[in-house]
Visitor: 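I have a structure here, written as structure tokens, and I will follow up with some questions on it.
What's counted below: heavy atoms across the whole structure, side chains too, no hydrogens, waters or symmetry copies.
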Amino acid sequence: MTTTNSPDQPPTLLVSLTGDDRPGVTSALFDAVAPTGTLVLDLEQVVVRGQLTLAALLQPVGHVSDVREAVGRVAEDLDLTVTVVDGRGDNRHRRTGRAAVVVLGAPLRAQAVAAVSRSVATHGANIDRIRRLSRYPVTTLELDVSGANLDSLRRELSLVAAEQSVDIAVSPAGLARRGRRLVVMDVDSTLIQDEVIELLARHAGREAEVAAVTEQAMAGALDFAQSLHARVATLEGLDAAVLEEVRAAVRLTPGARTLVRTLKRLGFTVALVSGGFIEIVQPIADDLGIDHARANRLEVVDGRLTGRVVGDVVDRAGKASALREFAELAGLPLARTVAIGDGANDLDMLATAGLGIAFNAKPVVREQADTAVNVPYLDAVLHLLGITREEIEEADDADGTPTPAPAVEHG
């Protein structure tokens with residue numbers, strides 16, 4: 001980083017005011033220094049539980065002492081603590097290697113914050129700003145970091161995440177953090193709480209058998225396509241009317257509606273890619289207003305399932321291919337895509353996306369994804385994208401949409 005602080009730069013004052021927040025503090029400060037013709041070079045303000053911290057970088061035009069006296073009077077009148085530090089120029093850092101580090105915990109303990117900040121410092125990077133994105137049902141902090149090597153910092157913080165039982169995402173900052181994106185989600189055990197094949201197998205009386213095969217497939221112990229054919233074969237002879245019963249039984253993951261609703265408000269493209277069945281996935285997509293859905297199709301003859309699927313299997317490679325196709329349709333580069341999944345058959349999709357998120361995933365998936373979310377709230381993904389809880393709720397209030405957001409007490 002380079003700093004502008006040479007003797008030929010004009011004198012400046014860094015003014016810091018702290019104390020009880022109240023309306024009018026900022027206006028009082030600048031009303032006081034305005035008669036001196038002072039220039040404002042930088043300004044930041046934050047309030048945490050009623051305590052104000054206001055920092056202003058000022059360039060006096062006249063006598064520096066006049067500005068100091070004006071600031072002192074404001075602090076005395078408002079019973080605030082003030083510090084004034086002399087310098088030259090704007091002490092502006094040319095910030096390179098910028099990254100957004102999001103830390104999510106339920107709860108978020110001091111030792112975890114210490115470990116994250118220590119790791120950033122050891123990496124040789126600097127934390128320039130910190131803001132809270134959410135307090136409930138999880139606590140989320142976003143650290144604006146400079147001087148970072150994105151890949152190596154991501155690797156280092158993934159170790160911290162595992163040690164401290166928190167979720168950490170490292171993403172490029174700046175323009176890369178803004179703008180439209182494509183978000184592609186797995187369905188079973190991600191968008192919904194259930195495994196649809198198991199719900200169908202329950203009607204055939206073979207749920208335990210199918211669940212065992214599903215577990216092996218999601219852990220990567222079995223080839224997905226082979227396991228799919230084996231599981232679907234157990235459904236042979238089922239009345240196709242069962243599909244409607246299963247659709248009614250499916251339970252969305254907590255936060256799923258909030259996630260999709262917020263992404264759509266932002267103008268994002270949202271897609272579902274599932275190794276499950278389009279007969280279940282498409283109605284869910286239609287209900288939530290999701291743009292694209294890709295899944296396997298069950299063969300039905302004379303109103304009964306044959307125990308086979310129709311067409312190409314949507315497997316691990318098929319999911320990644322679908323993500324690329326949807327990105328092309330949306331006119332977005334892969335760098336502006338997000339993939340969310342939980343099983344081994346999601347790994348190619350997670351690796352292909354600009355940001356791959358393992359959601360309550362199997363160990364093999366958590367180890368290979370860019371980041372992980374290990375709380376049961378799907379809308380926590382929004383915080384990884386830099387969206388605050390307050391922004392979500394304000395948008396819901398404006399639309400008259402109730403936001404289910406029960407506070408969670410932690411012991």
Side-chain angles (χ1 to χ4, degrees), residues 102 104 106 133-140 167 169 180-196 199 243-274 276-295 323 326 330 337-343 346 349 353 355 357-361 371-408:
V102 176
L104 185 154
L133 299 182
S134 71
R135 173 63 187 90
Y136 62 88
V138 296
T139 301
T140 312
D167 300 328
R180 193 165 57 89
R181 299 197 193 196
L182 164 69
V183 178
V184 180
M185 286 180 277
D186 176 40
V187 177
D188 292 12
S189 298
T190 299
L191 182 73
I192 66 175
Q193 301 178 59
D194 310 283
E195 290 287 336
V196 168
L199 296 180
L243 295 172
E244 186 61 40
E245 295 180 37
V246 169
R247 278 195 290 267
V250 163
R251 303 164 299 161
L252 290 175
T253 297
R257 286 190 182 276
T258 301
L259 171 65
V260 175
R261 183 169 63 241
T262 305
L263 294 176
K264 296 299 293 180
R265 283 175 179 148
L266 291 167
F268 287 16
T269 300
V270 184
L272 301 179
V273 179
S274 175
F277 310 109
I278 197 68
E279 293 85 354
I280 308 299
V281 172
Q282 190 62 59
I284 295 174
D286 293 341
D287 176 51
L288 296 177
I290 289 172
D291 301 282
H292 306 289
R294 180 73 52 81
L323 183 144
F326 296 148
T337 64
V338 179
I340 309 168
D342 74 300
D346 297 314
M349 178 176 74
L355 177 64
I357 302 173
F359 180 74
N360 291 312
T371 189
V373 171
N374 293 300
V375 295
Y377 314 105
L378 193 56
D379 54 345
V381 168
L382 293 168
H383 306 320
L384 302 186
L385 305 180
I387 301 165
T388 70
R389 187 73 195 180
E390 288 78 8
E391 289 168 337
I392 298 167
E393 293 183 355
E394 285 171 4
D396 282 344
D397 288 343
D399 285 355
T401 305
T403 307
V408 175

Visitor: Please check this pair: side chain of D167 against backbone of N374, looking for a donor-acceptor N/O pair closer than 3.5 Å.
Guide: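 Looks like yes, one N/O pair under 3.5 Å.
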Visitor: To the nearest 0.5 Å, tell me how far L272 CG sits from R294 CZ.
Guide: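 Result: 11.5 Å between the selected atoms.
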Visitor: Would you name the heavy atoms of R247 and E279 that are closest together and state the gap between them?
Guide: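 Shortest heavy-atom contact: NH1-O, 2.8 Å.
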Visitor: Just by modelled atom types, is the T190 backbone N or O under 3.5 Å from a matching donor or acceptor in the T253 side chain?
Guide: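 The answer is yes, because a donor-acceptor pair under 3.5 Å joins these two groups.
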Visitor: Just checking, any donor-acceptor pair under 3.5 angstrom between side chains of D342 and N360?
Guide: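 Their side chains do not contain a donor-acceptor pair, so the 3.5 Å distance test is not met.
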Visitor: Provide the closest heavy-atom pair for A361 versus G341 in the form atom of the first, atom of the second, distance.
Guide: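 What the structure gives for the nearest pair is CB-O, 4.2 Å.
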Visitor: So which heavy atom on P254 is nearest to which on Q193, and how close?
Guide: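 P254 and Q193 have their closest heavy atoms at CD-NE2, 3.9 Å.
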Visitor: With a 4.5 Å heavy-atom cut-off, do L288 and L252 have their side chains touching?
Guide: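 In contact.
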Visitor: Nearest 0.5 Å please: distance from the CD1 atom of I357 over to the CG atom of L378.
Guide: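 Reported to 0.5 Å precision, the distance equals 9.0 Å.
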Visitor: Rounded at 0.5 Å granularity, tell me how far CG in L191 sits from CD1 in I284.
Guide: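 It is 6.0 Å, given to the nearest 0.5 Å.
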Visitor: Rounded to the nearest 0.5 Å, what separation is found between the CD1 atom of I340 and the OG1 atom of T371?
Guide: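 Reported to 0.5 Å precision, the distance equals 11.5 Å.
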Visitor: What are the two closest heavy atoms between T140 and S134, and how far apart are they?
Guide: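 Scanning both residues completely, I find the closest heavy atoms to be OG1-OG, 2.8 Å.
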Visitor: Check whether any side-chain heavy atom of L243 sits under 4.5 Å from a side-chain heavy atom of F277, and report yes or no.
Guide: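 No, too far: nothing below the 4.5 Å cut-off.
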Visitor: Provide the closest heavy-atom pair for I290 versus A271 in the form atom of the first, atom of the second, distance.
Guide: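 Nearest pair, atom of I290 first, then A271: CG2-CA, 3.9 Å.
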Visitor: Counting C-beta onward and ignoring hydrogens, is there a side-chain heavy-atom pair between F268 and L385 closer than 4.5 Å?
Guide: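 SC-SC contact between F268 and L385 confirmed.
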Visitor: Report yes if the side chains of R261 and I392 come closer than 4.5 Å at any heavy-atom pair, otherwise no.
Guide: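 Contact flag for R261/I392 side chains = no.
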Visitor: Could you go through the side-chain contact (heavy atoms from CB on, under 4.5 Å) check for M185 and V270 one step at a time?
Guide: CA-CA 8 Å; M185 286 180 277; V270 184; 3.8 Å; yes
Visitor: My understanding is that only residues two or more places apart in sequence, or in another chain, count here; which of them pass side-chain hydrogen bond (donor to acceptor under 3.5 Å, both in side chains) with R257?
Guide: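 Testing R257 for side-chain hydrogen bond (donor to acceptor under 3.5 Å, both in side chains), a comparison that skips the adjacent residues, returns D287.
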Visitor: Please report the closest heavy-atom contact between T269 and A330, naming both atoms and the distance.
Guide: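 Closest pair (atom of T269, atom of A330, distance): OG1-CB, 3.9 Å.
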Visitor: Do L266 and R181 make a side-chain contact, defined as non-hydrogen atoms from C-beta onward lying under 4.5 Å apart?
Guide: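 Answer no - side chains too far apart.
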Visitor: Walk me through whether L323 and V273 qualify under side-chain contact (heavy atoms from CB on, under 4.5 Å).
Guide: CA-CA 8 Å; L323 183 144; V273 179; 5.9 Å; no
Visitor: Kindly compute the distance separating CG (L104) from OG1 (T139), expressed to the nearest 0.5 Å.
Guide: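 Here the rounded value is 8.0 Å.
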Visitor: Assess the residue pair T337 and V184 against the criterion (side-chain contact (heavy atoms from CB on, under 4.5 Å)); give the C-alpha distance rounded to whole Å, side-chain angles, the decisive distance to 0.1 Å, and a yes or no.
Guide: CA-CA 8 Å; T337 64; V184 180; 6.0 Å; no
Visitor: Within the 4.5 Å heavy-atom criterion, are Y377 and V138 side-chain neighbours or not?
Guide: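 Contact flag for Y377/V138 side chains = yes.
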Visitor: Can you find a heavy atom in the side chain of L382 that is under 4.5 Å from one in the side chain of L259?
Guide: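 Of all side-chain heavy-atom pairs linking L259 with L382, at least one is under 4.5 Å.
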Visitor: Side chains of D379 and R389: closer than 4.5 Å at any heavy-atom pair?
Guide: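 D379 vs R389: side chains touch.
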